[in-house]
Amino acid sequence: MKIVFYSAQPYDRIFFDRYNQAGLTIEYLDMPLQEQTAAMAAGADAVCVFVNDTVNAVVMQQLAALGVKVIALRCAGFNNVDLEAARSHRIHVCRVPAYSPEAVAEHATAMILTLNRKTHKAYNRVREQNFSLNGLLGFNLHGKTIGVIGTGHIGHAFCRIMLGFGCRVLAFDLIANKELEAMGVEYLPLITLLQQSDIISLHCPLNEQTRHLISDQTLGMMKKGAMLINTGRGALIDTGAVIKALKSGHLGALGMDVYEQEEKLFFRDLSGDIIQDDLIQRLMSFPNVLITAHQAFFTSEALAEIAITTLNNVEQLLKNSNLSDNQAALLT
Ligand code: NAI
């Protein structure tokens, strides 16, 4: 059984080699999967991809022609995969639905605390022997109202952390979670959540309903000075709209671990390059914006779970490769 592994980073190799107890042949490629690189999967039974690989209808057709039977996402989100095309080519798609919700929820919390208490600025100041506190004023998280959009695995973990801080937690989801309600989380319509929250954190998937969920219109419903955190997917936010809201001062702070055009930037060292993306350059210029490069998942516990589950998914799907048509493209 051979896996061609796209967008491989040094840490991927360490964890996948460590947990490859079944002895699958893994060929690691630094390049992303896209139309120009799909041919590199020749001879593979499965390809392993990450968040910014392109698995559209054209790529799916190329992979099917090469005899690839399984596409294994080593992540939870699957917005970059054309599932209809997978189904029509009888290619199975699997993912890692909940490798470590706490990893992402804790990173969202770290972003809130950094933006609020400005520890990133304090660190640099003190190193330069500047012990002044001017400009570092924060607020107590205790007693604040937090709006959580999407209360699945990650949103659930995030709600529990916020309850632990003594916050009032409001939630919006298609389905209310009874366990969270019992803990005191209040499910409300989206508009009410936007109007009442001091901090809003996005934990829903990216799909046709949620694309640009944060727009001129929804930003206008938010409290003046509110903080917005996005560890979901970049396109949940209309980047142009948040820049406008930051410039006017209506949006008080923005923490983003994901960015609409991140596939051209993230997971690479571009420190010697001229960045052509003017939107991210503008975002990076705001003192109240914190950007991390899709690192919320990045803990050793999560990487171990991702490797174990992905290798197991591939092994099981290849062993049962005569799954019927209607089981094809089933996400585990
Ligand atoms: P999940 O599937 O467990 O939960 C998603 C929740 O969103 C569900 O409760 C669902 O009902 C809700 N939802 C769906 N459509 C909605 C809508 N229109 N409005 C409000 N809620 C809606 O997913 P999980 O594991 O909690 O992950 C959430 C997202 O986080 C993933 O889809 C992925 O995009 C992102 N993610 C980001 C990572 C990072 O490193 N930054 C790592 C892992 C996931």
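Index from 1, following the sequence. We count ligands from 1, going down the list as the structure has it; atoms in each ligand are counted the same way.
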Report yes or no: does Thr309 contribute a side-chain atom to a donor-acceptor pair with the main-chain N or O of Ile306 at less than 3.5 Å?
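Here the side-chain-to-backbone pair does not exist.
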
Applying a 4.0 Å heavy-atom criterion (strictly less than), which segment of [X] is in contact with ligand 1: side chain, backbone, both, or neither?
X	result
Leu190	neither
Gln295	neither
Ile154	both
Tyr99	side chain

N/O separation below 3.5 Å, [X] to ligand 1:
X	value
Thr231	yes
Asp173	yes
Gln209	no
Gly152	yes

How about Phe298 and Tyr11: are their ring centres within less than 6.0 Å of each other?
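When the ring centroids of Phe298 and Tyr11 are compared, they turn out to be within the sub-6.0 Å range.
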
Within the 6.0 Å centroid threshold, strictly below: Phe50 and Phe297
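Centroid separation for Phe50 and Phe297: below 6.0 Å.
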
Distance filter under 4.0 Å to [X] heavy atoms, resulting ligand 1 atoms:
X	answer
Gly150	7 (O), 21 (N)
Thr210	17 (C), 18 (N)
Asp257	39 (C), 40 (O), 41 (N)
Pro97	25 (O)
Arg233	33 (C), 34 (O), 35 (C), 36 (N), 37 (C)

To which of Ala76, Cys75, Pro101, Cys204 does the heavy atom nearest atom 29 (C) of ligand 1 belong?
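Comparing heavy atoms across Ala76, Cys75, Pro101, Cys204, the nearest one to atom 29 (C) of ligand 1 lies in Cys204.
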
Out of Leu213, Leu174, Ile306, indicate the one that has the non-hydrogen atom closest to atom 16 (C) of ligand 1.
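Looking at heavy atoms only, Leu174 sits closest to atom 16 (C) of ligand 1.
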
Using a 6.0 Å cut-off, check whether atom CD of Gln261 has over 12 heavy atoms from anything other than its own residue.
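Yes, enclosed.
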
Might you confirm whether atom NZ of Lys247 has over 12 heavy atoms from other residues, nucleotides or ligands at distances under 6.0 Å?
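At most 12 heavy atoms, drawn from other residues, nucleotides or ligands, come within 6.0 Å of this atom.
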
Can Gly232 be said to touch ligand 1, with heavy atoms closer than 4.0 Å?
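So Gly232 counts as touching ligand 1.
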
Less than 4.0 Å is my threshold; does some heavy atom of Leu206 fall inside it relative to ligand 1?
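It does not, in that no heavy atom of Leu206 comes within the 4.0 Å cut-off of ligand 1.
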
Strictly by ring pair (Phe, Tyr, Trp, His ring centres under 6.0 Å), give each pair with a member in residues 111-152 just once, sequence neighbours left out.
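Pairs touching residues 111-152 that pass the test: none.
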
Indicate whether atom 2 (O) of ligand 1 is within a distance of less than 4.0 angstrom of some protein heavy atom.
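No, there is none.
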
Looking at atom 23 (O) of ligand 1, is any protein heavy atom nearer than 4.0 Å to it?
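Given the 4.0 Å limit, the answer for atom 23 (O) of ligand 1 is no, no protein heavy atom qualifies.
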
Any idea which protein heavy atom is nearest atom 13 (N) of ligand 1, and the distance to it?
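Protein heavy atom at minimum distance: Pro205 CD, 3.7 Å.
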
Give me each pair satisfying salt bridge (Lys or Arg N to Asp or Glu O under 4.0 Å) with a member in residues 257-267, each pair once, sequence neighbours excluded.
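Sorted pair list comes back empty.
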
